[in-house]
Amino acid sequence: MRLVTWNINSIRLRFDLLRQVAMVMAPDVICLQEIKVDDPLFPLADCQALGYPHVAFHGMKGYNGVAVLSKRPIEVAEPLSRCGRDDRRHLMVRLEGGVQVHCLYIPAGGDIPDPEANDKFAHKLDFLRELAVWAAGAFTPGDRAILAGDFNVAPLESDVWSHKQMLKVISHTPIEVELLNDFQASAGLVDAVRHFVPASERLYTWWSYRSNDWQRNDRGRRLDHVWVTPALVPGLRSALVAREARSWTQPSDHVPVMVDLDL
DNA sequence: ATGGTAGCGTTGCTA
């Protein structure tokens with residue numbers, strides 16, 4: 001099974017790039033974040049025409065929103081709300097055979113890395129804490145689940161262009177990294193990409209739109225992740241970050257992340 | 001130390 005996760009930053013504006021991902025990478029399952037479209041306007045028929053007859057979406061007007069496209073039937077699609085808000089950041093689908101796919105869009109958290117001064121950062125930290133509690137009770141040993149999406153945290157030193165310069169920049173502050181690690185550890189989840197790429201090797205999935213030359217400066221961060229439950233680890237086959245997607249015409253600031261695994 | 005771009009939907013908010 002091939003899974004791709006991608007923060008598409010508007011599914012309507014970038015539908016042609018989604019078509020390219022579908023045709024070139026040929027994933028069985030695509031997890032999308034920041035679709036930025038209200039459910040009544042979701043391009044369902046267009047997704048189905050790409051070869052994904054089974055689509056779950058959980059969007060809202062203007063912001064956020066997640067979707068899962070699947071070639072094979074989806075047995076259950078369950079939108080989840082977090083921190084008492086209906087902000088459309090978590091969608092679970094169950095595939096035939098019982099494998100869960102969780103599409104996640106963790107809040108970015110704004111600019112000021114102080115939860116007292118910045119409500120958006122406080123929300124991000126609460127969101128991470130809630131995910132840790134949820135994950136601790138969500139899976140039993142032997143459960144097969146994939147958690148994929150824009151987690152908005154770059155946990156390793158090699159996940160950012162400069163660890164030292166990023167310590168007070170939201171996405172790489174110690175408190176976020178600790179909470180993300182707690183979330184991961186709470187269910188023994190394994191980072192499917194770092195399973196294949198050693199921590200000594202720099203790896204990014206996002207480059208700011210504000211850089212005037214993202215390729216030369218290469219000030220990226222690895223914000224997009226695919227995690228699996230222990231039962232799926234023996235089936236992991238390969239992982240790939242599609243860096244070239246950042247050079248496409250009118251790109252997203254995130255690139256697709258792909259994982260192949262035997263279920 | 002600062003400001004830079006992008007998308008949505010209106011002229012601000014979020015990333």
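Each chain gets a letter, A, B and so on, in the order its sequence line appears, and its residues count up from 1. Here the structure is a predicted model, which is why all the values come from computation and not from measurement.
Across all strands, A:Arg12 comes closer than 4.0 Å only to sugar-phosphate atoms, never to a base (heavy-atom distances).
Rounded to whole Å, atom C1' of B:dT2 lies 12 Å from atom CZ of A:Arg210. In this entry the distance linking CH2 of A:Trp248 with P of B:dA6 reads 18 Å, nearest Å. Taking atom NZ of A:Lys120 as the reference point, atom C1' of B:dG12 lies 12 Å away to the nearest angstrom. Rounded to an integer number of Å, the gap from A:Leu41 CG to B:dC8 C1' is 12 Å. Following rounding to the nearest Å, A:Lys36 (NZ) and B:dT14 (P) show an atom-to-atom distance of 12 Å. We find that OH of A:Tyr209 is positioned 18 Å from P of B:dT14, with the value rounded to whole Å. Regarding A:Tyr63, its OH atom lies at a distance of 8 Å from the C1' atom of B:dG9, rounded to whole Å. A:Arg89 places its CZ atom 10 Å from the C1' atom of B:dA15, with the value rounded to the nearest Å.
B:dT11 and B:dA6: their C1' atoms are spaced 16 Å apart (whole Å). For the P atoms, the distance linking B:dT14 with B:dG9 amounts to 15 Å, nearest Å. Across B:dG4 and B:dA15, the matching C1' atoms stand 14 Å from one another, rounded to whole Å.
With DNA chain B read from its 5' end, the first of the two nearest nucleotides for A:Ile11 and A:Asn64 is the one closest to A:Ile11.
In this structure, A:Phe151 is not a member of the same hydrophobic cluster as A:Trp206, with clusters built from ILVMFWY side-chain heavy atoms closer than 4.5 Å.
With 3.5 Å as the limit, one finds a donor-acceptor pair spanning the side chains of A:Thr173 and A:Glu176.
For A:Gln250, a side-chain nitrogen or oxygen approaches OP1 or OP2 of B:dG7 to under 4.0 Å. A sub-4.0 Å separation between OP1 or OP2 of B:dA15 and a side-chain N or O of A:Arg221 is absent.
In the set B:dG7, B:dA15, B:dT10, B:dA15 carries the atom at the smallest distance from any side-chain atom of A:Ala108. Checked against B:dA15, B:dA6, B:dG9, the side chain of A:Arg14 finds its nearest nucleotide in B:dA6. Picking from B:dC13, B:dC8, B:dA15 the nucleotide with the shortest atom distance to the side chain of A:Ser10 gives B:dC8.
Counting heavy atoms from C-beta on, the side chains of A:His254 and A:Leu223 come closer than 4.5 Å.
By the 30° and 60° cut-offs, the orientation of the rings of A:Trp207 relative to A:Tyr204 is perpendicular.
The ring of A:Trp134 has its center no closer than 6.0 angstrom to the ring center of A:Phe127.
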